[in-house]
Every structure is written in C-alpha cells, then in structure tokens.
Protein chains: 2
Amino acid sequence: MTKDGGEEMAATSADVARHAGLSRATVSQVLNGHAHRFAPETAQRVLRAAEELGYEPSVAGRMLRRGSSDFVIALIPHTTFGTNLQDIFDTVTDVLAQRGLTLVLRLSAASSTTLDRLLAGMQPRAVLSLQPFSEAERRILDERGVPGFDTTTDGDLNADIGRLQAQHLVARGYRRLAFAHLRDSRQDPYGASREEAVAQVCAAAGLPAPTVLGLGINLDDATQALDALAPGYGVACYNDDVAITLLTAAGQRGWNVPTDLGLIGMDNIPLSGVTAPRLTTIEYELSAVAQNVLAIALQALGQDDAPTPPPIDLRIVAGGTA
Amino acid sequence: MTKDGGEEMAATSADVARHAGLSRATVSQVLNGHAHRFAPETAQRVLRAAEELGYEPSVAGRMLRRGSSDFVIALIPHTTFGTNLQDIFDTVTDVLAQRGLTLVLRLSAASSTTLDRLLAGMQPRAVLSLQPFSEAERRILDERGVPGFDTTTDGDLNADIGRLQAQHLVARGYRRLAFAHLRDSRQDPYGASREEAVAQVCAAAGLPAPTVLGLGINLDDATQALDALAPGYGVACYNDDVAITLLTAAGQRGWNVPTDLGLIGMDNIPLSGVTAPRLTTIEYELSAVAQNVLAIALQALGQDDAPTPPPIDLRIVAGGTA
DNA sequence: CTGAAAGCGCTTACAG
DNA sequence: CTGAAAGCGCTTACAG
C-alpha cells in the first residue's frame with residue numbers, strides 16, 4: 001500500500017509515447033479510434049506500447065479536457081429486489097463497457113444535495129433510474145444539464161403491472177378487488193401507479209372501486225388486513241412477500257385460497273414456488289427493464305449503434321392462489 | 001438538455017475568485033480548511049461567493065492535481081440481501097460525506113479487467129467489500145496501490161456465523177449436524193467459511209463431521225436433500241430461503257420440526273416470521289458490518305477522527321424450528 | 001496576509 | 001502522416 005511498495009506508477013500517455021518513440025498527440029489519436037489517420041505501422045507501435053505498459057487513460061485528465069466523464073450513474077431504488085442486483089445490471093455494465101462507459105451505482109434517495117454534488121463532481125453522461133425521478137431529482141438533473149432516464153420514459157411499466165394483476169383476478173371471477181400495499185412506503189415506490197391501474201380495471205369492468213390495504217410482513221398486520229375484506233375478494237399484492245403473508249394469515253383463519261380469497265403476487269421470488277398452493281404471481285426480467293432504460297438513454301445520447309429497447313414482457317406465473 | 005437550455009455553466013474556482021475579488025489560490029485555501037491563514041473577512045468573502053454561485057469543485061481538476069480522488073468504492077456481493085442496500089449503506093454514505101468523500105457502489109464479480117479499469121480511472125482512496133476479496137482482486141488492488149478492506153480484515157465474520165449456528169444446534173441436543181449450501185455457488189460467497197466453522201464445532205463436541213448438502217430454492221431439491229439425512233439431524237442453513245424450503249419439504253414428508261429435524265436459518269428475513277413454526281435464525285445488522293469495514297478503512301487511511309468499529313453482534317432469533 | 005506560477009494527464013485544433 | 005502548443009480546473013510550494 002506504500003507508493004514504493006513495489007507496484008509501478010501507473011503509465012501515462014507520455015510514457016506510452018516515449019516507449020513507442022512517438023508524440024503524445026499520436027498516442028491519443030490512435031487510442032481514440034483515429035488510427036486510420038496514421039501509418040498502420042505507427043498505429044501498431046502505439047497499441048503495442050500501450051499494451052506492454054498496461055496503460056489505462058486517466059479519467060481525470062480526460063474529464064477535465066472533455067468537460068464530461070465516461071461515467072453513467074444508475075440510481076438504485078429503495079427496495080429489496082427478488083433478483084440479484086448483479087443479474088439486473090450485468091448486461092447494462094457490458095453494453096456500456098463496450099462503448100468505453102463505466103457504470104456506477106448510486107443509492108437513490110439520500111438528500112438531493114448529495115445528488116447535486118455527485119453530478120457536479122462526476123459529470124456523468126447520463127443518469128438512469130429504475131424508478132421514476134422525484135420532482136427534486138428532475139430539477140437537479142435539468143440544472144446540471146445531465147440527461148436523466150427512468151422507467152416512465154417509455155410508458156408506465158407499473159401501470160401495466162397493476163393492470164395485469166387486476167385483469168387476471170377479474171378473469172378468474174373475482175367481483176371485488178383489493179390492492180395490498182407494503183406498509184413501509186419507503187419500500188413501496190411503485191405502489192401508487194399500480195393501485196391506480198387496478199382501480200381503472202375495476203371501473204372498466206363495472207366493479208366497485210378496489211379496497212386499499214397496507215401491511216407489513218407479519219401475521220398481525222395480515223390478519224387485520226383480512227378483517228377489512230369478506231370472502232370472495234381478489235387481492236393484487238404489491239409483491240410476493242405481501243402475498244405470502246396474506247396466504248398464511250388466510251390459512252390460519254380457515255379461509256380457503258383461492259375459493260374464499262384470491263391472491264396474486266408480483267416478482268416470482270424463489271420462495272413463491274414453495275408455498276401451498278403455489279403462489280400465482282407475475283414474473284418479468286428486471287434486467288430487461290434496466291436494458292430498456294439504457295437503450296433509450298443511448299438512443300437519446302445519439303449513439304448510432306444503440307441497442308433497440310428490449311420489450312418488457314410481464315408473464316403470469318400460474319399458481320393455485322388465484 | 002442542451003447546453004444553452006437555460007442551466008448556467010457550472011461555476012469554477014476562477015468564477016468564485018472573480019466574484020469575491022480575490023485570487024484562485026485564496027479561494028482554494030479557504031475552501032480546503034485553511035481559512036485560518038486569512039483575514040476572517042477574506043474568508044467570509046470567499047464563502048459567500050461560493051455559496052452564491054452554487055460552486056462545487058470539479059472532481060476532475062482535483063483528482064488530476066492530487067493524484068487521487070475523493071471516491072470510495074464499495075463492492076457489492078453477488079447475493080440477494082434480506083435487507084435494503086439503502087439501509088446497509090446509509091450510514092456509510094453519511095460518514096464519508098462528512099469527510100468530503102463520496103461513496104460509489106460497484107458490483108463485485110464482473111471481470112477483474114473491469115476492476116482494474118475502474119481503479120485506474122477513478123483512483124479511489126479505498127475499496128471496501130462486504131465479502132472477502134478474491135485472489136485476483138487482491139492482486140489488482142496491490143498493483144494499483146489502492147488499499148482494500150473486506151470482512152476478513154477484522155476477524156472472520158462468516159466463521160462466527162457458522163459457529164453460532166452449530167453451537168445452537170448442539171445446545172438443543174442435535175447429535176448429527178448438516179450444513180445446507182445454496183446450490184448456485186455464485187450466490188454462496190460465504191458458504192465455505194461457515195461450513196468449516198460448523199465442522200470445527202462438531203469436532204470440538206466430539207460429533208461426526210457434518211453432512212454437506214446443496215440445494216436450490218425449490219421442493220424437489222429440498223426433498224432430495226432430506227433423503228441424505230435421517231430423523232434427528234440439525235441443519236445449519238446458508239440462509240432463510242434455504243431453511244424455509246427445507247421446512248416446507250419436511251412438512252410434506254411428515255417429519256416434525258423441530259423433533260425430527262432441526263433447522264436454523266440466517267438473516268431473519270421478514271418471511272421467516274410468517275412460517276409455522278416461526279423459523280429459528282440468526283439476525284445481525286449488515287449495516288454494522290459495512291460500518292465496521294468503513295471504520296477500519298478510515299483508521300488505516302490515517303483519519304484521526306475515524307469512528308470506532310461498531311461491534312457486530314449476531315443474535316439468535318428464537319423460533320420453533322431448532 | 002495574499003497572489004503569480006507551475007503542473008497533474010489528456011485531447012484537439014493547428015502547423016508543418 | 002506526425003508533432004508542438006494550448007488549456008480544461010485545481011492546489012501547493014513559493015515569493016512578496
């Protein structure tokens with residue numbers, strides 16, 4: 001960890017130039033995709049020298065010169081995901097890396113001052129978010145001139161989710177619907193959109209407006225939530241944790257699922273395959289969402305070889321609970 | 001998003017200097033904690049000007065000058081956490097921010113080339129990790145001269161976890177132990193240490209070596225795993241998902257838990273409070289782990305006001321499964 | 001108590 | 001086809 005501890009100083013473009021017997025300008029040009037302006041043999045010399053020295057350009061120098069960095073920031077929602085973050089962002093990381101861009105994650109929330117500082121400091125090319133930007137976030141992005149892309153840029157995914165849950169319940173014959181939020185609203189960034197979509201489906205089907213529930217992941221809360229219902233309800237749940245908790249509470253109360261109570265979850269977490277009966281839920285690739293946001297971002301940034309946004313398909317996982 | 005779209009160009013230290021009628025050198029000094037070298041009134045002028053212009057120093061300029069950035073990178077393990085990432089890193093973010101350092105998250109894994117590039121590019125002050133660094137990672141850190149801190153820097157937490165699980169099972173009277181890994185080893189970065197600790201407890205207690213199981217989160221795998229056991233075993237599980245799956249499989253087989261089979265999980269995820277019987281598991285604050293790693297890092301970096309590493313206490317959550 | 005100067009590593013217009 | 005020069009924003013030794 002000491003400077004003289006054995007590791008060589010990182011090579012600079014000047015080192016590469018010297019090693020190759022050329023100027024820094026030439027090194028820079030060749031390494032930035034303008035090799036064709038030079039004699040092939042010159043380009044080779046540069047490449048070899050860079051290789052031999054393990055040269056990595058300094059982000060600082062580049063940033064200073066260009067006024068913007070090669071970073072792309074992804075804001076992580078304040079939620080527990082069923083999926084690994086890794087699985088979600090793997091492809092995004094790769095796609096960006098192919099373009100010389102580096103993905104860096106940042107917890108959303110925190111103070112907006114922090115975001116402001118981060119933008120000022122990193123001067124990222126873009127900010128991606130898996131949940132809608134808040135008003136404050138949007139304003140800061142605009143002020144700093146950093147383009148931001150979220151899940152609402154390309155239609156409202158969460159409305160689709162709520163709609164699909166509700167339509168499934170209606171198709172299964174439930175005439176009274178409810179939407180069950182996760183009580184801690186910090187963890188429920190998507191709930192509002194989904195609840196509203198459920199209400200719309202009800203209205204369209206000529207059903208009464210949905211009952212709105214909120215619970216934490218424990219049996220007391222779940223039991224109380226059931227008190228607000230009568231047998232015959234179909235419940236669209238914020239996520240599988242909520243659905244499994246309601247399933248357990250219903251069992252203790254002697255309500256039969258799916259006869260007395262319909263339950264549809266969201267996420268298809270591993271444990272939803274282990275309940276009895278298996279949970280009916282919705283599955284989708286969060287990684288597709290991330291790639292979708294990314295693709296739209298790259299298009300907007302004018303990358304000519306931007307990937308086409310993959311479709312986000314929501315699939316019903318047929319279980320025994322609705 | 002256009003440069004002329006209305007947002008002002010970010011202010012530079014030169015702007016602040018001009019606004020305050022002073023030199024850039026003075027601005028820099030005052031803003032970097034050397035205000036006492038100047039007339040109080042001068043310092044005031046600088047502060048006010050910076051405030052009025054919404055000045056944020058450019059990371060690039062600073063980085064170039066100092067040769068190291070104000071970033072600290074945290075590597076996120078390839079695991080699904082029971083807890084929110086936010087809850088884990090909130091305090092770390094704050095503590096770092098107080099010292100003018102910015103936390104940035106990075107998925108661990110990925111190729112080691114990527115890490116190398118990241119280090120070369122960001123020149124972070126330190127890299128923290130919630131799982132032990134791999135050999136390759138450790139080498140790259142050393143080569144780049146970036147200090148790295150992981151969960152083994154201060155004793156082996158995972159050994160503690162495995163030991164506690166095993167000791168609990170032994171204390172409850174189980175004479176044959178097993179350790180149940182999560183099959184997908186990408187998601188099992190901690191399994192090896194824990195299994196070994198279980199084996200040590202067995203040896204110390206004069207019990208046979210533990211049976212080693214591996215399963216995915218589904219009933220087929222769990223049923224197969226049970227085949228390798230006989231009634232009377234106590235199983236230390238990699239996490240609560242594994243434990244709950246085994247609990248369900250045992251129920252289907254007609255084994256009584258905890259009489260025929262003892263189960264102890266790890267993490268105390270919300271759903272572990274909803275099973276029947278309630279899962280016996282281990283709870284700890286992952287945020288304490290993160291803060292612990294951070295505190296050790298700050299001490300090593302020679303910050304004089306480094307926080308003292310908080311103790312990481314592992315608590316048995318008494319349930320009905322062991 | 002304050003400022004002029006140098007230089008961190010990079011890239012891009014320009015000159016040859 | 002290649003190189004010398006300027007400048008991005010910052011901080012630190014130095015001079016006054």
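Protein chains get the first letters and strands the later ones, always in sequence-line order, with residue 1 at the start of each.
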Counting side-chain heavy atoms from CB outward, which of [options] is closest to [X]?
X      : options                  : value
Y55(B) : dT2(D), dT11(C), dC10(D) : dC10(D)
R65(A) : dT2(D), dT11(C), dC10(D) : dT11(C)
L64(A) : dC10(D), dC8(D), dT11(C) : dC8(D)
T12(B) : dG3(C), dG9(C), dC10(D)  : dC10(D)
A25(B) : dA13(C), dG9(C), dT12(D) : dT12(D)
S58(A) : dG9(C), dT11(D), dC1(C)  : dG9(C)

If you pin V59(A) and Q29(B) to their nearest nucleotides in DNA chain C, which one's is more 5'? Q29(B)
Could you tell me whether D15(B) and R18(B) have a side-chain N and a carboxylate O separated by less than 4.0 Å? yes
Would you call R48(A) and E52(A) a salt bridge, taking side-chain N to carboxylate O under 4.0 Å as the test? no
In whole angstroms, how far is the [atom2] atom of [N] from the [atom1] atom of [X]?
X      : N       : atom1 : atom2 : answer
R45(B) : dC1(C)  : CZ    : C1'   : 12 Å
R24(B) : dT11(D) : CZ    : P     : 10 Å
L31(B) : dC10(D) : CG    : P     : 10 Å
M63(B) : dT11(D) : CE    : P     : 14 Å
H34(B) : dC10(D) : NE2   : P     : 16 Å
N32(A) : dA13(C) : CG    : P     : 12 Å
R18(A) : dG9(C)  : CZ    : P     : 11 Å
R37(B) : dT11(D) : CZ    : P     : 13 Å

Check against side chain to side chain contact (heavy atoms under 4.5 Å, CB included), V95(B) and Q291(B): CA-CA 9 Å; V95(B) 171; Q291(B) 289 172 51; over 6 Å; no
Under 4.0 Å, heavy atoms only, any strand: does S28(A) hit a base, just the sugar-phosphate, or nothing? base
Look at all strands and tell whether A39(B) reaches a base, only sugar-phosphate, or nothing, counting heavy atoms closer than 4.0 Å. sugar-phosphate
Think [X] has a side-chain N or O under 4.0 angstrom from the OP1 or OP2 of [N]?
X      : N       : answer
R62(A) : dT11(C) : yes
T26(B) : dG3(C)  : yes
S23(B) : dT2(C)  : no

Report yes if some heavy atom in the side chain of R125(A) is under 4.5 Å from a heavy atom in the side chain of V146(A); otherwise report no.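 No, too far: nothing below the 4.5 Å cut-off.
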Could you give me the CA-CA distance, side-chain angles and deciding distance for E135(B) and R139(B), then say whether salt bridge (Lys or Arg N to Asp or Glu O under 4.0 Å) is met? CA-CA 6 Å; E135(B) 296 250 334; R139(B) 183 161 23 78; over 6 Å; no
Working note: D305(A) + R99(A), criterion salt bridge (Lys or Arg N to Asp or Glu O under 4.0 Å); need CA distance, chi angles, decisive distance, verdict. CA-CA 10 Å; D305(A) 56 343; R99(A) 288 166 173 73; 3.6 Å; yes
Base partner of dG3(C), which must satisfy Watson-Crick or wobble distances under 3.5 Å: dC14(D)
